[in-house]
Amino acid sequence: MDIYKGKIKIAVVAPPFSGHLYPILELVLPLLEEKNKYDICVYTGFHKEEVVKRLGFPVKILLRDKPDVFEKISDTERQTNIVIAYRQFKENLKLMPEVIKETEKFFSERKPDIVLADFAAVPVGIACKKLGFPWITSIPTPFAIESKTTPPAYVGGLYPQDGFFFKLRDKLARSIIRNYKKLICLILRKQIKELNFTLYNEKGEENIYSPYSILALGMKELEFRNDFPEQFIWAGPCCSSLFKDSIKFIKDKGYEKTVFLTNGTHLKWAKNTMIDVAKELSKLYPKFLFVVSLGSYPERDKEVLKEKNLHIYHYLDYDEVIPKIDYAVHHGGTGILYSCIKYNKPAVVIPHDYDQFDYAVRADLAEIGIVAKLKSRKNILKAFEKMLQRKEWNNLEKMSKDFNKYLPSEVLKKEIDRLLKGGK
């Protein structure tokens, strides 16, 4: 029995980046079909307005008068480091007052019953606390949450290991992460004070996540950590394609194997690197077809570049191409990694940046792929050959079956009902 006589109003908020917006849209998309129960509105940036509307959601645009501001912050010309991370945080901080103001205005007008926000949408939590709205955090990269007893993320991909030395290493690494965040907040304390925001709560946990509910859009089977906050729930991966209008990929049966290569949408500085890897592999394995996707959805209709057994597409849909391939070579991004699990495809994982080193560790431990080093072409070629030589991928097969056991949208609906009934 519903607790509301009318519809439940849900505000869905995410930055206009594919890796953040698309998973949360997939999470909430089934709820759109229950028009008598849910009234949903999506809040994001200008460049994803068309995408949201095509799915059938009402949409509100944040910072409409600054259409390129989000992309300018996120798209770096080279691999990130502590200096670039600081600059990105500083630029984000400049935007926060305006984003919070617009969010409060939209929420005050529409008065949502509950808010669902991507973990990177930090201003949303601030607005919700001020206005008194319950909110749920969705996070496609669960290990981004600071660890308490295990190796932290974003320090180059640490493997969990026993022994005094490694426990000390993990403790030091966690301290470095936490103190780096505190240092940035200290440097920018004036701006942060104006936001009425503190980095950690009374439990010592990060305030950017909801204290009510955190939905992890991933698989527990891939994770070695067990030290997440008590409101943390494994909802399941959201990596399905939202549209089916990309170039249709037709497998060429004239080749022994088909290999798919990509480094996603964000790593613009590394696009040529993946093409170079594909060119070298295509010469070493002339009986294989190598298919590259540059990850540029706006250029999806551009001509496919073909050179013997190497085909370069400007964009290919994962759900369209991955079922038809034999192997993958990718950067370790959330979407492609889970898509390979979904379709039971072994991969060479070449982490480039951000959380990809941590995904590479998990792919290695779960035995679903072979990890290679970006800066060593010899290492990449060796990893590719190792992948080909391996005949059995038992754990990958098992995880592929486990993938379908998760029902993310059902978990979301239960959490909405729980929180609106006063659950904690």
Side-chain angles (χ1 to χ4, degrees), residues 2-16 20-21 23-25 27-32 34-45 52 57-64 92 95-139 145 192 194-203 205-217 229-233 235 408-409 411-424:
D2 293 341
I3 59 172
Y4 284 90
K5 292 182 179 179
K7 297 180 183 180
I8 297 174
K9 292 183 179 179
I10 306 173
V12 180
V13 192
H20 291 265
L21 180 63
I24 204 170
L25 290 180
L27 177 65
V28 80
L29 192 59
L31 277 65
L32 192 63
E34 299 184 46
K35 298 184 182 297
N36 294 327
K37 184 173 182 180
Y38 301 107
D39 179 6
I40 305 168
C41 185
V42 176
Y43 302 76
T44 189
V52 178
F57 292 103
V59 59
K60 297 288 186 182
I61 301 303
L62 296 165
L63 304 184
R64 183 179 285 277
N92 275 310
L95 295 177
M96 277 196 190
E98 192 173 352
V99 174
I100 292 171
K101 184 178 179 180
E102 287 193 13
T103 302
E104 289 179 355
K105 178 178 179 293
F106 285 142
F107 285 3
S108 296
E109 292 172 351
R110 192 168 182 272
K111 293 181 172 57
D113 297 302
I114 197 160
V115 177
L116 173 65
D118 176 76
F119 76 107
V122 178
V124 178
I126 298 174
C128 286
K129 287 179 180 178
K130 183 177 179 180
L131 298 174
F133 294 125
W135 53 295
I136 299 171
T137 295
S138 71
I139 181 166
I145 299 172
I192 292 175
E194 293 173 356
L195 298 175
N196 192 29
F197 175 78
T198 55
L199 195 57
Y200 300 102
N201 60 24
E202 63 279 359
K203 295 181 180 179
E205 297 173 348
E206 297 161 282
N207 262 327
I208 65 173
Y209 306 111
S210 167
Y212 311 107
S213 178
I214 301 173
L215 298 187
L217 306 186
E230 61 181 358
Q231 71 272 29
F232 179 94
I233 300 172
S409 299
V411 175
L412 172 62
K413 288 193 284 187
K414 288 179 181 178
E415 281 298 278
I416 290 173
D417 289 344
R418 180 181 70 84
L419 292 178
L420 292 183
K421 289 177 181 177
K424 294 183 180 179

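Taken from CG in Leu21 to OH in Tyr43, the straight-line distance is 14.5 Å, to the nearest 0.5 Å. Note that NZ of Lys129 is 3.5 Å distant from CG of Asn207, once rounded to the nearest 0.5 Å. Atoms OG and CZ, from Ser108 and Phe133 in turn, are 6.0 Å apart once rounded to the nearest 0.5 Å. Here the CD1-CD1 distance, from Ile136 to Ile24, works out to 9.5 Å after rounding to the nearest 0.5 Å. Between the CG atom of Asp118 and the CG atom of Leu215 there is a distance of 11.5 Å, given to the nearest 0.5 Å. Interatomic distance, Leu32 CG to Tyr38 OH, rounded to the nearest 0.5 Å: 12.0 Å.
Ion pair Lys101/Glu104 not flagged as a salt bridge, since none of the NZ, NE, NH1 or NH2 atoms sits closer than 4.0 Å to an Asp/Glu carboxylate oxygen. Between Asp39 and Arg110 there is a salt bridge, since a side-chain N of the basic residue sits under 4.0 Å from a carboxylate O of the acidic one.
Residues Pro58 and Val52 approach most closely at O-CG1, 4.3 Å, considering heavy atoms. Heavy atoms only, all atoms of each residue included: Glu102 and Ile61 are closest at OE1-O, 4.0 Å. The two residues Ile214 and Pro229 make their nearest non-hydrogen contact at CD1-CG, 4.3 Å.
Residues Leu217 and Leu27 have side chains in contact (heavy-atom distance under 4.5 Å, counting atoms from C-beta outward).
The neighbour count for Lys413 NZ, taken as heavy atoms of other residues, nucleotides or ligands under 6.0 Å away, is above 12. For Glu230, the CD atom is loosely surrounded, since the number of other residues' heavy atoms within 6.0 Å does not exceed 12. Heavy-atom contacts from other residues, nucleotides or ligands closer than 6.0 Å to NZ of Lys105 number 12 or fewer.
Between Phe119 and Tyr209, the angle of the ring planes stays under 30°, which puts this pair in the parallel group of the 30/60° scheme.
Checked against Leu412 for a side-chain contact (heavy atoms from CB on, under 4.5 Å), the options Leu116, Ile10, Asp417 give a single hit: Leu116.
No side-chain donor from either of Gln231 and Ser213 sits under 3.5 Å from a side-chain acceptor of the other.
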